[in-house]
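So the structure is just underneath, and the comments pick up after that.
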Amino acid sequence: MINKYSISKDEKIFRAFPDLILVDNKLICVFVEMENEDKVFNICITTSTDRGLTWTDRKIIKTKLDDNGRWDAPGINKMTNGDIIITSS
């Protein structure tokens, strides 16, 4: 059975393309959000220490105005040296 939990919700903002990793018993989620009226794209991050039952308020880590481009499908990875990187195309 798959359990569904809401990570971030706001009816005025479109959010999509989540990616998750588990690091030291902490789930880290990155996703993209778009404010339709302003054509502003944000890459956001949020964390959970209870396996996804509750999440911190999302933090915007990068913003881009829609000048012939936008953030798509951010990814999050842990490198072998322990660094965590976030990428987006």
Side-chain angles (χ1 to χ4, degrees):
M1 183 167 134
I2 297 175
N3 293 323
K4 294 181 182 181
Y5 302 100
S6 182
I7 294 172
S8 184
K9 186 174 182 179
D10 184 330
E11 299 297 329
K12 298 175 188 172
I13 299 174
F14 173 77
R15 294 189 172 111
F17 311 118
D19 195 18
L20 294 162
I21 60 170
L22 180 63
V23 177
D24 299 328
N25 293 318
K26 181 190 290 188
L27 277 172
I28 305 171
C29 178
V30 293
F31 56 92
V32 70
E33 70 177 20
M34 183 183 87
E35 299 174 33
N36 291 323
E37 294 177 10
D38 298 327
K39 295 185 180 178
V40 174
F41 294 85
N42 298 317
I43 294 179
C44 302
I45 190 166
T46 183
T47 61
S48 174
T49 56
D50 58 10
R51 303 294 252 183
L53 295 175
T54 60
W55 293 87
T56 60
D57 290 338
R58 62 106 171 94
K59 293 180 184 174
I60 296 171
I61 57 175
K62 191 69 177 174
T63 297
K64 182 176 183 182
L65 299 178
D66 187 16
D67 296 324
N68 298 321
R70 64 178 189 266
W71 300 114
D72 279 325
I76 186 166
N77 292 290
K78 182 177 178 182
M79 307 304 287
T80 56
N81 67 358
D83 289 347
I84 296 172
I85 61 167
I86 298 169
T87 58
S88 181
S89 57

How close do Leu27 and Leu22 get, counting heavy atoms only, and between which atoms?
N-CD1, 3.9 Å
Identify whether Ile21 and Val30 are in the same connected component of the hydrophobic contact network (ILVMFWY, side-chain heavy atoms under 4.5 Å).
yes
Restricting to non-hydrogen atoms, name the atom on Trp55 and the atom on Leu20 that form the minimum distance, rounded to 0.1 Å.
CH2-CD2, 3.8 Å
Could you give the distance from CD1 (Ile61) to SG (Cys44), rounded to the nearest 0.5 Å?
7.5 Å
Just verifying a value: how many Å separate Arg58 CZ and Arg15 CZ, rounded to the nearest 0.5 Å?
5.0 Å
Donor-acceptor pair, side chain of Thr56 and main chain of Thr46, under 3.5 angstrom
no
Contacts under 3.5 angstrom, residues 73-85 side chains, donor-acceptor by atom type, not counting sequence neighbours:
from  : atom 1 : to    : atom 2 : distance (Å)
Asn81 : OD1    : Asp83 : N      : 2.9
Asn81 : ND2    : Asp83 : OD2    : 3.2

Which distance, rounded to the nearest 0.5 Å, do you find between the CG of Asn42 and the CZ of Phe31?
9.0 Å
N/O donor-acceptor pair under 3.5 Å between Ser48 side chain and Thr54 backbone
yes
Rounded to the nearest 0.5 Å, what separates atom OG1 in Thr47 from atom CG in Asp57?
10.0 Å
